[in-house]
Enquirer: 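The structure is given below, and queries will be raised subsequently.
By convention in this document, chain letters (A, B, ...) are assigned in the order of the sequence lines, proteins followed by strands, and residues within each chain are numbered from 1. As a basis for the values below, the full set of heavy atoms in this structure was taken, side chains included, without hydrogen atoms, waters or symmetry mates.
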There are 2 protein chains.
Amino acid sequence: MVETTRRREIEDAASSLFHERGYSATSVRDIARAVDIQGASLYAHVASKQDVLWSIVEGTAARFEVAADAVEAADPGAIVFGPGVHLISLVRAHVGVVTDDIERASVFVHEWRALDPERRDDIARRRDAYEDRFRAAIVDGIEAGAFEPVDPALTAAYLLTALNGLVAWYRPDGRLSARTIADAFADLSLRAVRAPAGPG
Amino acid sequence: MVETTRRREIEDAASSLFHERGYSATSVRDIARAVDIQGASLYAHVASKQDVLWSIVEGTAARFEVAADAVEAADPGAIVFGPGVHLISLVRAHVGVVTDDIERASVFVHEWRALDPERRDDIARRRDAYEDRFRAAIVDGIEAGAFEPVDPALTAAYLLTALNGLVAWYRPDGRLSARTIADAFADLSLRAVRAPAGPG
DNA sequence: CCTACCGATCGGTAGG
DNA sequence: CCTACCGATCGGTAGG
């Protein structure tokens with residue numbers, strides 16, 4: 001299906017432009033130019049500029065959810081190795097989704113506010129549900145005595161924005177590999193909440 | 001000077017709108033409407049829309065710098081109480097500037113990319129110099145054996161974006177006071193880098 | 001601070 | 001996927 005390829009190209013170009021200048025500052029003609037067609041011709045492939053943004057944001061939201069689902073499916077780890085492992089797995093999964101496609105991740109993080117009200121609400125709810133997985137991991141850790149008695153909501157927000165900050169500086173060909181960053185972010189995040197080892 | 005008051009009103013209104021919808025999605029007419037004048041009348045007070053953005057971003061950059069300067073002026077603390085105290089002071093100063101005026105802080109964090117090239121470069125340099133204070137505090141801590149041997153650049157980026165994430169959810173009348181948040185962020189940030197206490 | 005107005009550009013449609 | 005075109009809105013200026 002040729003349509004699918006073209007559509008993909010358009011979303012790639014749009015992701016790149018939205019990442020660089022933002023949704024509002026990117027015109028339909030800018031996107032068209034990037035895929036070498038006339039501005040009006042874009043509408044043979046997409047319903048609207050909003051439609052393109054939605055595809056990018058929704059697809060990325062789904063990727064975050066799938067990655068976190070996979071962590072939860074490997075849940076036994078949390079029981080055998082403790083809540084710290086669960087939080088670390090969530091952190092690694094999140095970093096993986098971001099480094100896997102920073103442009104789309106960046107658009108997801110920064111441009112979801114440009115969505116029209118209903119879609120925006122949909123994403124807001126899903127972000128909250130996603131953040132809730134982090135809150136739950138933190139609560140589990142506290143109850144197990146493995147974590148400091150931090151405020152779960154504040155701490156989840158702190159950690160998630162630290163992870164999301166990656167979209168501002170990660171480059172696939174940069175000094176630090178995705179793996180190195182995932183390791184470092186996991187260490188920083190776990191230490192931020194972990195209680196000192198008790199006696200014995 | 002009446003001009004100064006009106007100018008202030010315009011910048012307040014613009015900060016609020018840029019914070020909510022972003023610079024590109026805010027029109028000159030939107031700003032004018034918020035201060036109850038005609039769109040074109042705005043130009044009796046400001047040179048351009050860019051000019052308003054620049055005032056907000058530059059003023060906020062200066063507030064961050066002044067706050068960090070004050071921390072450095074109280075430098076003896078770092079010598080007497082150790083590098084951990086210095087990092088904590090930087091974190092507290094940063095959180096203070098953000099909570100003091102989230103709208104402007106939010107515009108600083110998110111909209112500096114909308115600046116024209118020269119001004120954008122100016123802010124990029126100043127952000128880097130500011131981040132360098134965090135990197136230096138981390139390096140000092142590592143050298144003193146008080147911190148884990150983390151990557152200073154990656155860690156400074158991690159911590160600063162965690163702090164900046166505050167602009168997305170802080171509300172002056174919210175559940176958590178600025179003081180509570182500063183305490184919690186200082187604890188999380190210090191634990192993220194601190195080495196476990198050695199024997200003795 | 002207003003009215004009147006400018007050229008440029010916006011997202012999108014019609015009709016092929 | 002193109003040409004031709006739409007009404008709306010953009011940032012900004014002129015002249016008072």
Enquirer: Can you say whether the rings of A/Phe134 and A/His94 are parallel (under 30°), tilted (30 to 60°) or perpendicular (over 60°)?
Expert: perpendicular

Enquirer: Measure the CD-OG distance between B/Glu11 and B/Ser16 for me, rounded to the nearest 0.5 Å.
Expert: 13.5 Å

Enquirer: Expressed as a whole number of angstroms, how long is the span from B/Asp51:CG to D/dT13:P?
Expert: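 Atom-to-atom, B/Asp51 to D/dT13, this comes out as 12 Å.
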
Enquirer: To the nearest Å, give me how far apart NZ (A/Lys49) and C1' (C/dG11) are.
Expert: 8 Å

Enquirer: Write down the distance between CD (B/Gln38) and C1' (D/dT9), rounded to a whole number of angstrom.
Expert: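 So the two atoms are 15 Å apart, to the nearest Å.
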
Enquirer: Quick check for you: among D/dC2, D/dA4, C/dC2, whose closest atom lies nearest to any side-chain atom of A/Ile37?
Expert: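 Comparing D/dC2, D/dA4, C/dC2 against the side chain of A/Ile37, the answer is D/dC2.
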
Enquirer: Exactly one of A/Arg119, A/Arg126, A/Arg63 should register a side chain to side chain donor-acceptor pair (under 3.5 Å) with A/Glu58. Which one does?
Expert: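 Of the listed residues A/Arg119, A/Arg126, A/Arg63, the side chain to side chain donor-acceptor pair (under 3.5 Å) partner of A/Glu58 is A/Arg126.
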
Enquirer: How many whole angstroms separate atom NE2 of B/His45 from atom C1' of C/dC2?
Expert: 11 Å

Enquirer: Show the nearest heavy-atom pair for residues A/Arg191 and B/Val150, with the distance to one decimal.
Expert: NH2-CG1, 3.4 Å

Enquirer: Starting at atom CZ of B/Arg33, determine the distance to atom P of D/dT9, rounded to an integer number of angstrom.
Expert: 10 Å

Enquirer: Check this one for me: any side-chain N or O of B/Arg29 less than 4.0 Å away from OP1 or OP2 of D/dG12?
Expert: no

Enquirer: How many Å lie between CZ on B/Arg21 and P on D/dT9, as a whole number?
Expert: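 That distance rounds to 14 Å.
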
Enquirer: Which stems, defined as runs of 3 or more consecutive Watson-Crick or G-U wobble pairs with both pairing distances under 3.5 Å, involve DNA chain C?
Expert: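 Consecutive-pair runs (3 or more) involving DNA chain C: C:1-16 with D:1-16.
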
Enquirer: To the nearest Å, how far apart are B/Tyr43 OH and D/dG16 P?
Expert: 21 Å

Enquirer: To the nearest 0.5 Å, what is the distance between OH on A/Tyr170 and CD on A/Glu103?
Expert: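 Result: 12.0 Å between the selected atoms.
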
Enquirer: Just compare D/dC2, C/dC10, D/dC10 and give me whichever is closest to any side-chain atom of A/Ser27.
Expert: C/dC10

Enquirer: Just to be sure I understand the rule, does A/Ser24 reach a base, reach only the sugar-phosphate, or reach nothing, if contact means heavy atoms closer than 4.0 Å?
Expert: nothing

Enquirer: Of the listed nucleotides (D/dC1, C/dG12, C/dT3), which one gets closest to any side-chain atom of B/Ala40?
Expert: C/dT3

Enquirer: Whole Å only: how far is the CG atom of B/Leu42 from the P atom of D/dC10?
Expert: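 One finds 13 Å between P of D/dC10 and CG of B/Leu42, rounded.
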
Enquirer: Are A/Arg120 and A/Asp116 within salt-bridge range, i.e. N to O under 4.0 Å?
Expert: no

Enquirer: Would you please classify the geometry between the B/Phe64 ring and the B/Phe108 ring as parallel, tilted or perpendicular, with 30° and 60° separating the classes?
Expert: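 Judged by the thresholds at 30° and 60°, the geometry between B/Phe108 and B/Phe64 is tilted.
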
Enquirer: Where the side chain of B/Arg6 is defined as all heavy atoms beyond and including C-beta, which of D/dC1, C/dG11, C/dC1 is the nearest nucleotide?
Expert: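 Closest of the options to the side chain of B/Arg6: C/dC1.
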
